[in-house]
Amino acid sequence: MGSPLSFSFELFPPRTPEGLAKLPAVIGELAAVRPAFFSITHGAGGSDQDGTHETLVTVVEHSGVEAVPHLTCVGSTRAKIAALLERYRGAGVKRIVALRGDLPATAMSPSAPGEFHFASELVSFIRETHGDAFKIEVAAYPEMHPQAPNPGEDFDNFRRKVKAGADGALTQLFYNADAYFDFMDRCGKAGISIPVVPGIMPITGFANTVRFCNGCGADLPRWVRLRLEQLQDDKPALLDFGLDVVTRLCETLVRNGAPGLHFYTINQSGPTLRVWKNLALRTPAPA
Ligand SMILES: Cc1cc2nc3c(=O)[nH]c(=O)nc-3n(C[C@H](O)[C@H](O)[C@H](O)COP(=O)(O)OP(=O)(O)OC[C@H]3O[C@@H](n4cnc5c(N)ncnc54)[C@H](O)[C@@H]3O)c2cc1C
């Protein structure tokens, strides 16, 4: 895997004083391999809007790497989203991950209060109010969003987000490369050519991997699940096995045309950097 590949790292605003204290070191360690950007999650309904902004500032101060806020719209209003966009534009933000977010089902029904119900509406709003000032990334679901009635309607929604003005997409985590390739085939047939970057979650445990997969509807291959269960009391062996599984997944994706990799770091540098080093990715030359 010789050529430089675009890769990015996702962080969340720390929820504890300990998490906050160690964040600059984590950012520094991850920044050393020169990712294209750090993205920073945002609670639905604006619950941690200040946290996203503070983490964004920490990224800029400790790395100089582009910081990309996630923006969730469900349960929010045009006025609140407009204020956030102004704040981000004033802070020099050039790219946004535009999402619906998750709130209780009542908040997502089209009759519920809140002026946005789907991410496509947020993408349209950003384009209407800010033109091309922001590059917009959206979420993609190779294995279907868990609340969608079927893969066809979910793909129609992805197409709506692209039509509304998305420049690129980051996928939900997955461990089955074929799901991604099938999604890319569907994009090709639909004439969608924006980059769709796989979301990669390093494996660090049995229970948390099962929980993550159940939470987002990702298929955890049976043999992986069984091996993780078997190794759960032998942490070093589990980490080695998880590293092999995720490295092979990334190799398969990159070898078959994935335009980059987006790592869900869970605010830890170790698991992501082990995969990164195992892949022998080259740090891009300075522009
Ligand atoms: C890369 C990535 C980053 C994420 N970051 C965050 C984050 O920072 N904060 C957070 O809270 N969550 C985050 N999430 C989770 C995300 O918010 C949830 O998956 C959420 O349930 C859907 O968001 P979305 O933007 O994909 O929604 P949408 O694209 O709006 O889709 C949501 C559902 O509605 C359906 N749908 C869309 N439009 C229509 C329509 N017009 N009619 C009928 N059905 C429709 C879709 O098929 C889908 O089932 C992230 C997910 C990913 C993949």
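All ligand and atom numbering here is 1-based and tracks the order in the structure.
Heavy-atom proximity to atom 47 (O) of ligand 1, evaluated over Val123, Asp154, Leu173, Asp102, is greatest for Asp154. Scanning Tyr264, Phe12, Tyr141 for the heavy atom closest to atom 23 (O) of ligand 1 points to Tyr141. When the heavy-atom distances from atom 39 (C) of ligand 1 to Arg160, Arg100, His262, His42 are ranked, the shortest goes to Arg160.
Listed for the Thr247 side chain is no donor-acceptor partner under 3.5 Å among the backbone atoms of Leu279. The closest donor-acceptor contact from the side chain of Tyr175 to the backbone of Leu249 lies at 3.5 Å or more, if one exists at all. Formation of a donor-acceptor pair under 3.5 Å by the Ser63 side chain with backbone atoms of Gly28 is not found in this model.
Contact check for Phe158 versus Cys187: side-chain heavy atoms found under the 4.5 Å cut-off.
Atoms of ligand 1 found under 4.0 Å from any heavy atom of Gln172 (numbered from 1 in listed order, with element): 53 (C). Remark: ligand 1 atoms within the under-4.0 Å shell around heavy atoms of Thr72 are 9 (N), 10 (C), 11 (O). Counting atoms of ligand 1 from 1 in the listed order, those under 4.0 Å from a heavy atom of Ala148 are 47 (O), 49 (O). Residue Leu170 has at least one heavy-atom neighbour below 4.0 Å for each of these atoms of ligand 1: 1 (C). Atom numbering of ligand 1 starts at 1 in the shown order; those under 4.0 Å from a heavy atom of Ala139 are 26 (O), 52 (C), 53 (C). The Gln147 neighbourhood of ligand 1 comprises atoms 49 (O), with distances under 4.0 Å to a heavy atom of that residue.
A salt bridge links Arg186 and Asp182; the closest N-O separation between the charged side-chain nitrogens and carboxylate oxygens is under 4.0 Å. For the pair Asp156 and Lys163, the salt-bridge criterion is not met [side-chain N within less than 4.0 Å of a carboxylate O]. Using a 4.0 Å cut-off between charged side-chain N and carboxylate O, Arg127 and Asp167 make a salt bridge. With respect to the salt-bridge test (charged N to carboxylate O, under 4.0 angstrom), the residues Asp233 and Lys235 do not qualify. Under 4.0 Å is where a charged nitrogen must lie from a carboxylate oxygen, and between Glu137 and Arg95 at least one such pair does.
For ligand 1, one of its N or O atoms has an N or O atom of His145 under 3.5 Å away. Below 3.5 Å of separation, one finds no N or O of Glu153 facing any N or O of ligand 1. Checked by distance only, ligand 1 and Thr171 stay at 3.5 Å or farther apart across all their nitrogen or oxygen atoms. At least one N/O-N/O distance between Ala119 and ligand 1 falls below 3.5 Å. On a distance-only criterion, Glu10 and ligand 1 share no N/O pair closer than 3.5 Å. At a 3.5 angstrom cut-off on N or O pairs, Gly101 counts as close to ligand 1. The distance criterion of under 3.5 Å between nitrogen or oxygen atoms is met by Asn157 with respect to ligand 1.
Hydrophobic cluster membership differs between Ile81 and Val68, with clusters built from Ile, Leu, Val, Met, Phe, Trp and Tyr side chains linked at under 4.5 angstrom.
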